[in-house]
Amino acid sequence: MNSQSPMSSPDPKRRRLLKLGLGAAALLAVAGGGVALLKPGLLESNTRLAPAARGLMRGVALAVLDGLWPAPGPAREASMERQLAALDASIAALPAATRAELAQLLSLLCSAPGRLAMTGLKQDWPQASVAEIGAALEGLRHSRLALRQQVYFALRDLNAAVFFTQPEHWALMGYPGPRDI
């Protein structure tokens with residue numbers, strides 16, 4: 001009979017997984033910081049999407065909100081430009097520390113090695129199809145690594161929040177808008 005309680009010695013497999021998770025998080029932080037020097041995710045004191053990050057967020061918006069955009073053409077492009085402008089405004093309103101973290105994440109995802117390692121997406125964001133980006137996002141969402149899930153939720157939530165706060169999209173939720181008092 002073993003005299004040690006189950007709580008007295010941690011499971012070696014669990015300890016190894018925790019170390020692996022912490023190591024991966026540290027590696028991503030260092031890699032994200034290094035990549036940010038080469039290809040920034042945000043511009044102007046981390047308040048505006050850099051060109052590569054605009055392509056990334058455009059692709060994510062199309063995939064996450066698939067079926068809600070106008071048909072391809074001028075109306076979709078105008079709606080997408082409003083989405084990206086609203087993303088810039090939302091990002092500018094975030095606390096500085098949050099903007100810095102977002103800048104690192106976007107920098108990492110805009111680099112080919114970071115995009116491939118994090119999402120498995122082989123093509124650059126603007127060249128990837130909506131289906132390919134959607135599959136990459138689903139891979140993040142269902143990952144066993146909490147860090148990858150956080151990346152998914154950050155990208156999805158930021159795009160969805162900006163989209164549904166625009167008055168032109170309220171009807172999609174069944175919200176008629178504010179009532180006159």
Student check: side-chain heavy atoms of [X] and [Y] closer than 4.5 Å:
{"X": "Pro178", "Y": "Trp170", "value": "yes"}
{"X": "Glu132", "Y": "Leu121", "value": "yes"}
{"X": "Val151", "Y": "Leu108", "value": "no"}
{"X": "Gln83", "Y": "Val162", "value": "yes"}
{"X": "Thr47", "Y": "Ile91", "value": "no"}

I need the [X] [atom1] to [Y] [atom2] distance, nearest 0.5 Å.
{"X": "Trp69", "Y": "Met80", "atom1": "CH2", "atom2": "CE", "answer": "4.0 Å"}
{"X": "Leu106", "Y": "Trp125", "atom1": "CG", "atom2": "CH2", "answer": "10.0 Å"}
{"X": "Arg156", "Y": "Leu65", "atom1": "CZ", "atom2": "CG", "answer": "10.0 Å"}
{"X": "Asn46", "Y": "Leu102", "atom1": "CG", "atom2": "CG", "answer": "8.0 Å"}
{"X": "Arg115", "Y": "Leu56", "atom1": "CZ", "atom2": "CG", "answer": "9.0 Å"}
{"X": "Leu87", "Y": "Met57", "atom1": "CG", "atom2": "CE", "answer": "5.0 Å"}

* Is Leu84 linked to Phe164 within one hydrophobic cluster, defined over Ile, Leu, Val, Met, Phe, Trp and Tyr using a side-chain heavy-atom separation of less than 4.5 Å? ->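 Yes; Phe164 is reachable from Leu84 via cluster members.
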* **Cluster link Leu116 to Leu140, ILVMFWY, side chain under 4.5 Å** =>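 No, because Leu116 and Leu140 fall into different hydrophobic clusters, even though each may have its own neighbours under 4.5 Å.
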* Asked: For Phe163 and His169, what are the C-alpha separation, side-chain angles and deciding distance, and is it a ring-ring contact (aromatic ring centres under 6.0 Å, His included)?
  -> CA-CA 7 Å; Phe163 182 85; His169 301 135; 3.6 Å; yes
Shortest non-hydrogen contact between [X] and [Y], atoms and distance:
{"X": "Gly174", "Y": "Pro176", "value": "O-CD, 3.4 Å"}
{"X": "Ala63", "Y": "Ile133", "value": "CB-CG2, 3.7 Å"}
{"X": "Gly41", "Y": "Ser107", "value": "N-OG, 2.8 Å"}

* Is the closest basic N to carboxylate O distance between Arg82 and Glu168 below 4.0 Å? ->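 Looking at Arg82 and Glu168, the cut-off is met.
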* Asked: If you look only at pairs with a residue in residues 85-102, which of them pass as a side chain to side chain donor-acceptor pair (under 3.5 Å), with sequence neighbours excluded?
  ->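 Qualifying pairs, neighbours excluded: none.
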* How would you list all residue pairs meeting side chain to side chain donor-acceptor pair (under 3.5 Å) that involve residues 51-68, not counting sequence neighbours? ->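 For residues 51-68: Arg54-Glu81, Arg58-Glu77.
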* To do: Just do the side chain to side chain contact (heavy atoms under 4.5 Å, CB included) check on Arg141 and Gln149 with the steps written out, would you?
  => CA-CA 5 Å; Arg141 178 178 175 214; Gln149 290 176 5; over 6 Å; no
* To do: Spell out, as yes or no, whether a donor-acceptor pair under 3.5 Å connects the side chain of Thr165 to the backbone of Ala161.
  =>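 Yes.
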